[in-house]
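Take a look at the structure set out below.
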Amino acid sequence: SRYGTGGHVEASRAGGRLRASLWGHWETEELELNDMGYLQAPDEINTGCWAQLRYNPEGKSAHFNQGHLEFNAWRSWLYAPRTGYDLHSGLPVWSYGRARPDGVGGVLEGWLQFRNYREVWAGLEINLESTPRYETRGRVELLPDETGARPVVPIPGGGPLIKKPANMGGWLGGSTDTRKDFLTQASLIYFVDATRNPYFEVEASVRWNQTSAITHELALEYEVRRDETQHLGNFENPEGGIGGVSYVFGMIRQRTLDLTLRTSLLFSRDQSLEIYAQPFITVGDFSRARELAAPFTDAFLPYTRDGFEASDRDFRFSSVNLNAVYRWEDRPGRTLFLVWTP
C-alpha cells in the first residue's frame, strides 16, 4: 500500500463588507485516499488568496439591491522530484527537483442585482503557462511481439512534463426577476489560449415553480472546443522519441450538445422525489498527429508511424442519462435515499 501526507491550512474573514481568505494546500506523491474518499491527483502544492467586496446600499440606491466584486489568485507547484528513464537502457533521460513551478492564475468577477430583481454577472480569468503533471500519462504501447500483441506497460519514471500555453477568457450572464415563478437565465463563456485554440460555451435555462411543492428546470447547453495538444497515445520508438517513447498528441475539434431536465416533487417536509433526464451528444474530430520533441517544452514533430492516423480516434457518442432519487427523512439526522437509474 502507498502512504503519504496531505493537508490544508486556511485563514479567513467571513463577516463584514470586505471578506477574504488565504490558504495553502499540499499532497505528497505517495498520498493514497482511495480507501477513504476521492483524490483526483496527488503530488502538488498550491497556495492562493480570495477577497470579496460586498455592496449593499440597504435600499438607498435607485438602481441596485446588492452586489459583490471578487478576486481570486493561486499558485501551484509539483511536490515531489521525478526522474524519467529510457525504456530500453534504463538510463536517466530527464528529471526535475522538488517543488517545480507548475501553474499560476487569477480571476476577477462581479455580480449585481437590480431593483427589479434581475441579475447580471461577469468575470475574467487568466492562466499563465503551466506544466501539468499527467498530460503525457504514464503507460506505453509496445511494438508487436511474436504473437502480434501490443502490450501496454508503465513508463519508467512516468511521462515527462509538457508545456501548456497560457490562456485567458471570460463569461457574461443574466437572469430575469428571481422572485417570479418563471425564471430564465442565459450565459456565455469564451476562452482562448496563446496558440489561438478557442473554447466556447453558451447555456440557456428556464425554471418554473409550478407550485410551492413542484419545480421544473430545463437547460440547453452547447459547447465547442479546439485543442492542439489532445493526448492520442504513447508508443514504443526504439529509434527516437524521448527515452524510446513517442508521446503523441493531435488536434481535436469537439462539439457537445445536451438538454437537461430536472423535476423536483416535495411530498412533505420529510419526503421528496427528484427526476433527472439528459439527452447528450458529442462529436470529436482528430487531425495533425505530432509527438513531443523534448521534455518540458511545447515543441512537436510530425508523427508518421505506418498505419497510424489521428482520424482513427474520431468519435460520435450519444446517450440519454436518466435517474430518480427518492428521499425520506424518517427522523432528524437519519435519511434514506432510493436511487433508480436504467
Do any side-chain atoms of residues 335-342 form donor-acceptor pairs under 3.5 angstrom with protein atoms, and if so which ones, sequence neighbours left out?
from   : atom 1 : to     : atom 2 : distance (Å)
Thr341 : OG1    : Leu322 : O      : 2.8

message = Is it the case that atom NE2 in His63 sees more than 12 heavy atoms from other parts of the structure closer than 6.0 Å?
response = no
Test: Glu135 and Lys164 ion pair at under 4.0 Å = yes
request  = Check the pair Trp74, Asn127 against side chain to side chain contact (heavy atoms under 4.5 Å, CB included), reporting the backbone distance first and the verdict last.
outcome  = CA-CA 10 Å; Trp74 59 87; Asn127 296 287; 3.2 Å; yes
key: Electrostatic pair Arg327:Glu329 at N-O distance under 4.0 angstrom   = yes
key: Approximate separation, where rounding is to 0.5 Å, of Leu183 CG and Thr215 OG1   = 11.0 Å
query = Can Arg316 and Asp285 be counted as an ion pair, charged N to O under 4.0 angstrom?
reply = yes
query = Does a donor on one side chain and an acceptor on the other come within less than 3.5 Å for Glu223 and Thr256?
reply = no
ask   = Is there a chain of hydrophobic side chains (I, L, V, M, F, W, Y, each step under 4.5 Å between heavy atoms) that links Ile281 to Leu220?
value = yes
request  = Would you check if the side chain of Arg225 reaches a backbone N or O of Glu201 as a donor-acceptor pair within less than 3.5 Å?
outcome  = no
request  = Decide yes or no for Ser12 and Arg19: does some side-chain heavy atom of the first lie under 4.5 Å from some side-chain heavy atom of the second?
outcome  = no
task = Report the relative orientation of the aromatic rings in His216 and Trp208; use parallel for angles under 30°, tilted for 30 to 60°, perpendicular for over 60°.
result = tilted
key: Any donor-acceptor pair under 3.5 Å from Arg115 side chain to Ser61 backbone   = yes
query = Can you find a side-chain donor-acceptor pair between Thr195 and Asp193 that sits under 3.5 Å?
reply = yes
task = Group every Ile, Leu, Val, Met, Phe, Trp and Tyr by side-chain heavy-atom contacts under 4.5 Å, then state whether Leu69 and Phe114 land in the same group.
result = no
message = Once you measure the plane-to-plane angle for Tyr303 and Phe235, does it fall in the parallel (<30°), tilted (30-60°) or perpendicular (>60°) bin?
response = parallel
request  = Verify the neighbour count for atom CZ of Arg255: are there more than 12 heavy atoms of other residues, nucleotides or ligands below 6.0 Å?
outcome  = yes
